[in-house]
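A quick write-up on the structure given underneath.
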Amino acid sequence: MPGRYTRARPAVAYAGMSTALSTLAEYARANPRSQAEHERALRLFPSGLTHDARRQDPFPPCVTRAEGAYKWDVDGHRIVDYVTGHGALVAGHSHPAVVDALRRQAGLGLHLGASSALQADWAERIVALVPSAERVRFTSSGTEATLLALRVARGFTHRNRVLKLAGHFHGWHDDALPGVALPVAEVAPLGSAPNRDVGVVDPFAEGALERELARGDVACVILEPTGAAWGAVPLAPARVSAIAAAARGARALVVFDEVVTGFRWSPGGAQALIGVTPDLTALAKVVAGGLPGGALTGRADVLDVLAFREGEPKVEHPGTHNAHPLSAAAGIATLDLLADGSDLARASTVAGELRAALGAAFEQRSTPGYAYGGASTFCLIFGERTSDPVTLKRGVPEPLLSALQCAMLLEGVHLFHGCGLLSIAHGADEVELTAGAFARSLERLQDEGLIP
C-alpha cells in the first residue's frame, strides 16, 4: 500500500503566524549572510536545496566549517551541532584520525579504477564487528544499499514481493518510498509508479504481517530494527524477534536497515544489542566515516548471488564509486575509533543526560513535553506522553518546528528537525549549553503563544 513521505507546511498562513514571525524575523536579522546564500541557492536549485530534510523556514543556516561537536556558519556563529552529518559523524566533525587518513589517501590517488587493499581492510572491519556480516558489497549511499538488498533478496529467493513496515524509512528509491509517512497514503508518491510488489504492513497490527507472508510470495521483510525513523516510533526487541521468526517461517529473508543505527547503537549496530541477526544488513553513514558510502552485508550464500558463477545468472551491480578509496580510508579510521565500544557507550550516556536535561526544561517551564530516544540520539515531543505512531513519527509539527529551529539557532544550537544525533565529541559542556538554550527557547515560544 504505497505512501508518501511529506511534512505538512503552511501554504500562506497559519494560526499564530503573526507571533511566530518574531522568532523567524529575529533569526533572519541575525543571519544576513545565510539568507544571501539561500537567495543565491534559490536561483540554482529547486527550493534552494540539495536535500529535502534541510528545508527550514525562513531559510536554513549556511555552514562554512566544523570541528568536534561544533560548526560555524557564514555569519560567524559557533553552533553546537546535533545534525552531525545526518548521523554520519558519530566520531565528530573533522576527527584528526579521519582527516589524516584522508590526506594520506588523497596523496596516493582519488579513484584508482581497480581493486585495492583498502576495500578488503574496510570489509574485514565490518565482518569483525557486525553479527550478520559474512560477505560485503560496497555502495555509494544508504539508498543504494537498501536498493541492492531488495534486489539480492529477490535474486536469492526467486520471489518478487517485499514487505516493509509502515513509517520505516529506507531511502528514496521506488521500492522504499511507499508507506514512509504516517498515516499511510493510498496513492503512490509523485514520480513513482504504483507497485504491487511492495507491501506496507502495520507493525503493531496483530496478524497483519503473518497474513501477508502466508501468500508465500515474499522475498524479504525490511525494517529499521529500532523502529521507524531510527526509533522515533520505537519497536520492542521482542517484536523485532517475532517479525524475524515469522519471515523465516515463510522462507522470506530478514533485512535490517542499519543505515543510522549501524556503528552508533553499538560497534555491531542495533542487531548486536537486541540479539536478532538478520540475513542482510544495509549500512551507510557511519560506515564511511562521513564520506559518501554504504554497504550491504550478510549471509555469504545470499550475497553470492552477486558472484560470477559458471553457467548461472547473477544479480548485476556496477557502481563507479563502490568502495571509493577516500570513503574506505575514512571508514577504516572511523571504525577503528569505535571498535572497542567505549566511546559509543559514553556518547549514549551523554545523550541520556541530555534527554533528562531537556525533559527537566519542559517541567521548569510548566509546559507539557518530553525527550526520548535510543543510544546517542534524542527526539522531542511537545504534549503529553503518547505511543501513537502518527504523533511520534510527525515529531514537532509546524508552525512550532520552524520557530523551535530558529530559536535554538539563535541560542547556538542546531537541531535536526526537533531531534538530534550526538557524537563522541559531545560532552557535559554541550549538555549544559543545550539545556540552557532549550529552556530559553521554550520561554520564547511561550511568550509568542506557540506553546502553553
(request) Show your reasoning for whether side-chain contact (heavy atoms from CB on, under 4.5 Å) applies to L422 and T84. (result) CA-CA 7 Å; L422 281 71; T84 57; over 6 Å; no
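- There is a side-chain donor-acceptor pair under 3.5 Å between R54 and T50.
- Heavy-atom minimum distance, L392 versus A232: CB-O, 3.4 Å.
- Listed for the S241 side chain is no donor-acceptor partner under 3.5 Å among the backbone atoms of P237.
- In this structure, E384 places its CD atom where only 12 or fewer heavy-atom neighbours from other residues, nucleotides or ligands lie under 6.0 Å away.
- Counted by atom type alone, D174 and S192 present one or more donor-acceptor pairs between their side chains at under 3.5 Å.
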(request) Evaluate the criterion side-chain contact (heavy atoms from CB on, under 4.5 Å) for residue pair L209 and I243; output intermediate values, then yes/no. (result) CA-CA 8 Å; L209 177 67; I243 290 169; 3.8 Å; yes
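- Not a single donor-acceptor pair under 3.5 Å links the side chain of H417 to the backbone N or O of L401.
- Sorted by first and then second residue, the salt bridge (Lys or Arg N to Asp or Glu O under 4.0 Å) pairs with a member in residues 153-165 read R154-D175, R161-E212, R161-D217; sequence neighbours excluded.
- Of the options Y70, F438, F416, F378, a ring pair (Phe, Tyr, Trp, His ring centres under 6.0 Å) to Y82 is made by F378 and by none of the others.
- Across every non-hydrogen atom of A333 and A97, the tightest pair is CB-O, 3.8 Å.
- Taking all atoms of both residues into account, the shortest heavy-atom contact from T146 to A282 is CG2-CB, 3.8 Å.
- Dense packing is recorded around CZ of R309, with more than 12 heavy atoms of other residues, nucleotides or ligands lying under 6.0 Å away.
- By the neighbour-count criterion of 12 heavy atoms within 6.0 Å, atom CZ of R40 is sparsely surrounded, having that number or fewer from other residues, nucleotides or ligands.
- Of the possible polar contacts, one joining the T349 side chain to the A345 backbone as a donor-acceptor pair under 3.5 Å is found.
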Can I get a per-line list of side-chain donor-acceptor pairs under 3.5 Å for residues 196-203, giving both atom names and the distance, sequence neighbours left out?
unit_1	atom_1	unit_2	atom_2	d
D202	OD1	F204	N	2.8

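- Cation-pi geometry between R385 and Y370 is met: the NZ or CZ atom falls under 6.0 Å from the ring centre, inside 45° of the normal.
- For the residue pair T386 and T391, no side-chain donor N or O sits within less than 3.5 Å of a side-chain acceptor on the partner.
- Side chains of H93 and K71: no donor on one and acceptor on the other come within 3.5 Å.
- For F169 and W230, the distance between ring centers is not under 6.0 angstrom.
- Heavy-atom minimum distance, S376 versus A351: CA-CB, 3.6 Å.
- No side-chain N or O of T261 forms a donor-acceptor pair with one of E224 less than 3.5 Å apart.
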(request) Decide yes or no on side-chain contact (heavy atoms from CB on, under 4.5 Å) for H173 and L177, but give the supporting numbers first. (result) CA-CA 6 Å; H173 57 84; L177 279 176; over 6 Å; no
(request) Go through the steps for L42 and L44 under the test side-chain contact (heavy atoms from CB on, under 4.5 Å), then give the verdict. (result) CA-CA 5 Å; L42 285 169; L44 299 168; over 6 Å; no
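- Among residues at least two apart or in separate chains, salt bridge (Lys or Arg N to Asp or Glu O under 4.0 Å) pairs with a member in residues 110-136 are R125-D336, R135-D304.
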